[in-house]
Chemist: 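Structure in structure tokens, see below.
Nothing fancy with the numbering, it's 1 onward along the sequence. Since the model is a prediction, treat every value here as computed from it, not as a measurement.
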Amino acid sequence: MMTLLTVFLKTYRRPHLLKDAIEGVLMQDFEDYQLVIHDDASQDETQSIVEAYSDRRIRYIKAEENIGSVYGDTEIVRRLQVECKTRLVLHANDDDYLIKPDLFSTQVQLFDE
């Protein structure tokens, strides 16, 4: 059975925020998702922070070079379409911290209705 939801999280040189963003996703009561973290070529500890999680739902993609936010969003959406084959997609950034553990389940329920 195919995963229902992809959480596509963009990050660039903000490892101090990334851990909280990942934790917010992992605390969700809805579990039928994958978390795809797109790193826009950070040259810091971003990759090691992601690799510290052993959750099978987490995928890490690191851009070979920084594409920035002006043109980067178009490229990231293109990559998302190639990488993620799920029914639903939630876009997030490294400074988004999900504090409601029922956010995904509520959104999926509303979508289905």
Side-chain angles (χ1 to χ4, degrees):
M1 188 169 150
M2 182 174 82
T3 302
L4 181 62
L5 170 68
T6 295
V7 180
F8 197 74
L9 193 152
K10 300 182 301 182
T11 190
Y12 177 63
R13 291 182 19 178
R14 299 200 295 185
H16 60 288
L17 298 175
L18 182 59
K19 186 173 181 180
D20 285 342
I22 293 171
E23 293 291 332
V25 172
L26 294 178
M27 76 173 196
Q28 293 298 304
D29 61 5
F30 181 84
E31 295 186 2
D32 188 16
Y33 68 85
Q34 64 176 338
L35 171 58
V36 178
I37 299 171
H38 179 272
D39 179 358
D40 197 14
S42 300
Q43 298 299 319
D44 55 22
E45 64 271 16
T46 296
Q47 185 169 351
S48 63
I49 287 172
V50 176
E51 290 173 348
Y53 292 91
S54 59
D55 195 300
R56 63 173 175 69
R57 297 170 295 183
I58 298 176
R59 290 178 47 212
Y60 176 74
I61 301 169
K62 184 172 184 175
E64 292 182 21
E65 63 181 301
N66 181 271
I67 54 177
S69 62
V70 175
Y71 300 106
D73 285 344
T74 302
E75 174 60 23
I76 290 168
V77 168
R78 184 200 62 75
R79 180 171 288 180
L80 172 65
Q81 292 170 338
V82 170
E83 297 286 336
C84 307
K85 304 294 184 199
T86 58
R87 190 170 140 220
L88 303 172
V89 176
L90 174 82
H91 290 261
N93 293 304
D94 53 15
D95 62 351
D96 294 337
Y97 182 61
L98 309 176
I99 58 172
K100 291 186 61 152
D102 65 342
L103 178 68
F104 295 173
S105 58
T106 302
Q107 289 180 330
V108 168
Q109 180 182 356
L110 290 172
F111 184 81
D112 285 342
E113 290 173 1

Chemist: For Glu113, which residues count as a side chain to side chain contact (heavy atoms under 4.5 Å, CB included) partner, sequence neighbours excluded?
Modeler: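 Per chain and number, Glu113 pairs via side chain to side chain contact (heavy atoms under 4.5 Å, CB included) with Gln109, Leu110.
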Chemist: According to salt bridge (Lys or Arg N to Asp or Glu O under 4.0 Å), does anything in residues 43-55 pair up with another residue at least two apart or in another chain? List the pairs.
Modeler: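 Counting only pairs at least two positions apart or across chains, the salt bridge (Lys or Arg N to Asp or Glu O under 4.0 Å) contacts touching residues 43-55 are Asp55-Arg57.
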Chemist: Looking at Asp32 and Arg87, is there a salt bridge between them, counting it only when a charged N and a carboxylate O are closer than 4.0 Å?
Modeler: no
Chemist: Does Phe30 sit in a hydrophobic cluster with other residues, and if so which ones, taking ILVMFWY side chains as linked at heavy-atom separations under 4.5 Å, directly or through other members?
Modeler: Leu4, Leu5, Val7, Leu9, Leu18, Ile22, Val25, Leu26, Tyr33, Leu35, Ile37, Ile49, Val50, Tyr53, Ile58, Tyr60, Leu88, Leu90, Leu98, Leu103, Phe104, Val108, Phe111
Chemist: Quick one: side-chain hydrogen bond (donor to acceptor under 3.5 Å, both in side chains) partners of Asp29, sequence neighbours excluded?
Modeler: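 For Asp29 the side-chain hydrogen bond (donor to acceptor under 3.5 Å, both in side chains) partners, ignoring immediate neighbours, are Ser105.
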Chemist: Would you give the length of the straight line joining atom NZ of Lys62 to atom OG of Ser42, rounded to the nearest 0.5 angstrom?
Modeler: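 Between atom NZ of Lys62 and atom OG of Ser42 there are 6.5 Å.
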Chemist: Where is the tightest heavy-atom contact between Gln28 and Pro101, given as atom of each residue plus distance?
Modeler: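 The answer is OE1-O, 3.1 Å.
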Chemist: I need the Phe8 CZ to Ile61 CD1 distance, nearest 0.5 Å.
Modeler: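 Answer rounded to 0.5 Å: 5.5 Å.
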Chemist: Should we say atom CZ of Arg13 is surrounded by more than 12 heavy atoms from elsewhere, each under 6.0 Å from it?
Modeler: no
Chemist: Measure the CG-CE distance between Asp102 and Met27 for me, rounded to the nearest 0.5 Å.
Modeler: 9.0 Å
Chemist: Measure the spacing between CG of Asp40 and CD of Glu64 and express it to the nearest 0.5 Å.
Modeler: 12.0 Å
Chemist: How long is the straight-line distance from NZ of Lys100 back to OG1 of Thr106, given to the nearest 0.5 Å?
Modeler: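 Atom-to-atom, Thr106:OG1 and Lys100:NZ are 6.0 Å apart.
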Chemist: Nearest heavy-atom pair of Asn66 and Ala41: which atoms, and what distance?
Modeler: N-CB, 3.4 Å
Chemist: Go through the structure and list residues passing side chain to side chain contact (heavy atoms under 4.5 Å, CB included) with Asp96, not counting sequence neighbours.
Modeler: Ala92, Asn93
Chemist: Identify, with sequence neighbours excluded, every residue that meets salt bridge (charged side-chain N to carboxylate O under 4.0 Å, His left out) alongside Arg14.
Modeler: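 Arg14 satisfies salt bridge (charged side-chain N to carboxylate O under 4.0 Å, His left out) with Asp94, Asp95 once adjacent residues are dropped.
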